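Both backbone and side-chain heavy atoms feed into the values below; hydrogens, waters and symmetry mates do not. Predicted model, so just to flag it, every value in this text is computed and none were measured. We name chains A, B, ... by the order of the sequence lines, and we start the count at 1 in each one.
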Amino acid sequence: MQPFTAMVISIIHSIPPGKVMTYGQVAREAGSPRAARQVVRILHSSSEKHGLPWHRVVNVRGEIALQDDESRFLQKMYLEHEGVQVHEDGHIDLKVYQYIPSHTG
DNA sequence: GCCATGGCTAGTA
DNA sequence: GCCATGGCTAGTA
């Protein structure tokens, strides 16, 4: 596995229940600010294999970005189960729920 | 070539 | 809505 991929997987694993990160934010934390789409690709291909909390990643506007209805429903359900309020249109208030990792350690 | 982005702008009101 | 972006992989030679 490539270092960037390992970083992304580790970062996504670190998102606590009830919090979310954005694709671009994960990319920045992994050291590649413009690699948001690569984060998408990793989620797409490695979520199951690595047991990633894939439902805790949303786009920069706080929206569920998945395409198909079944996955959207599943993501909404998982998030609400963790106490995240998902509005009817599938958006989340990032001001409340975005996870900001501390870099002090 | 993939991809579940993101930042910008044009167009509307 | 458009389109530049980028790490990775499948597919070809």
Side-chain angles (χ1 to χ4, degrees):
Chain A
M1 185 192 302
Q2 304 305 308
F4 178 81
T5 304
M7 283 288 292
V8 167
I9 287 171
S10 165
I11 290 161
I12 292 170
H13 265 132
S14 78
I15 308 172
K19 291 289 182 178
V20 301
M21 287 180 79
T22 72
Y23 300 96
Q25 185 190 5
V26 172
R28 282 195 302 279
E29 291 290 328
S32 268
R34 275 165 283 181
R37 304 207 67 150
Q38 182 62 10
V39 172
V40 168
R41 229 190 63 72
I42 291 165
L43 279 166
H44 196 81
S45 62
S46 305
S47 277
E48 190 172 2
K49 183 178 178 183
H50 292 277
L52 296 179
W54 56 269
H55 57 284
R56 298 182 193 141
V57 188
V58 297
N59 74 19
V60 76
R61 296 188 291 273
E63 297 161 345
I64 289 176
L66 280 158
Q67 297 299 312
D68 76 290
D69 292 341
E70 196 174 318
S71 302
R72 294 174 66 81
F73 176 80
L74 203 59
Q75 182 165 13
K76 184 172 194 258
M77 203 184 66
Y78 282 150
L79 286 171
E80 286 176 337
H81 186 256
E82 296 180 354
V84 175
Q85 184 186 5
V86 184
H87 291 76
E88 201 52 47
D89 61 2
H91 99 270
I92 292 153
D93 187 352
L94 287 181
K95 290 247 193 300
V96 177
Y97 297 110
Q98 184 169 20
Y99 176 53
I100 312 291
S102 69
H103 294 198
T104 54

Just list the side-chain donor-acceptor pairs under 3.5 Å for residues 34-52 of chain A, sequence neighbours left out, or say none.
unit_1	atom_1	unit_2	atom_2	d
A:S45	OG	A:R41	O	2.9
A:S47	OG	A:L43	O	2.7

Would you be so kind as to tabulate the donor-acceptor pairs closer than 3.5 Å made by side chains of residues 26-33 of chain A, with sequence neighbours excluded?
unit_1	atom_1	unit_2	atom_2	d
A:E29	OE1	A:H103	NE2	2.9
A:E29	OE2	A:H103	NE2	3.2

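Across residues 1-32 of chain A, A:Q2, A:F4, A:T5, A:S32 each have a non-hydrogen atom less than 4.0 Å from an atom of DNA chain C (numbered order). For the contact set between residues 79-99 of chain A and DNA chain B, defined by any heavy atom under 4.0 Å, there are no members. The stretch residues 33-43 of chain A comes close to DNA chain B through A:A36, A:R37, A:V40, A:R41, A:L43, each having a heavy atom under 4.0 Å from the strand.
A donor-acceptor contact shorter than 3.5 Å links the side chain of A:K19 to the backbone of A:V96.
Listed by chain and number, the residues in a side-chain hydrogen bond (donor to acceptor under 3.5 Å, both in side chains) with A:H81 amount to none (sequence neighbours excluded). A search for side-chain hydrogen bond (donor to acceptor under 3.5 Å, both in side chains) contacts involving A:Q75 returns nothing, not counting sequence neighbours. Considering only residues two or more places apart in sequence or on other chains, A:S71 meets the side-chain hydrogen bond (donor to acceptor under 3.5 Å, both in side chains) condition with A:D68. Residues forming a salt bridge (charged side-chain N to carboxylate O under 4.0 Å, His left out) with A:R72 (at least two apart in sequence, or on another chain): none. Scanning for side chain to side chain contact (heavy atoms under 4.5 Å, CB included) contacts around A:Q98 gives A:T22, A:Q25, A:L94, A:I100, with sequence neighbours left out.
Heavy-atom contacts of chain A under 4.0 Å fall on DNA chain C between two terminal nucleotides, which in 5' to 3' order are C:dA4 to C:dT9.
Expressed to the nearest 0.5 Å, how far CH2 of A:W54 lies from CG of A:L74 amounts to 4.5 Å. We find the CD-CE distance between A:Q2 and A:M7 to be 14.0 Å, quoted to the nearest 0.5 Å. Taking CD1 of A:I12 as the reference point, atom OH of A:Y99 lies at 13.0 Å (rounded to 0.5 Å). Distance NE2/A:H87 to CD/A:E63: 12.0 Å, rounded to 0.5 Å. Interatomic distance, A:H55 NE2 to A:I64 CD1, rounded to the nearest 0.5 Å: 10.5 Å.
Counting only N and O atoms by type, the side chains of A:D89 and A:H91 include a donor and acceptor under 3.5 Å apart.
In this structure, A:Y23 and A:V60 have side chains that are not in contact, with every pair of non-hydrogen atoms separated by 4.5 Å or more.
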Intra- and inter-strand pairing of DNA chain C, written as dot-bracket with Watson-Crick and G-U pairs under 3.5 Å and | for the latter, reads ||||.|||.....
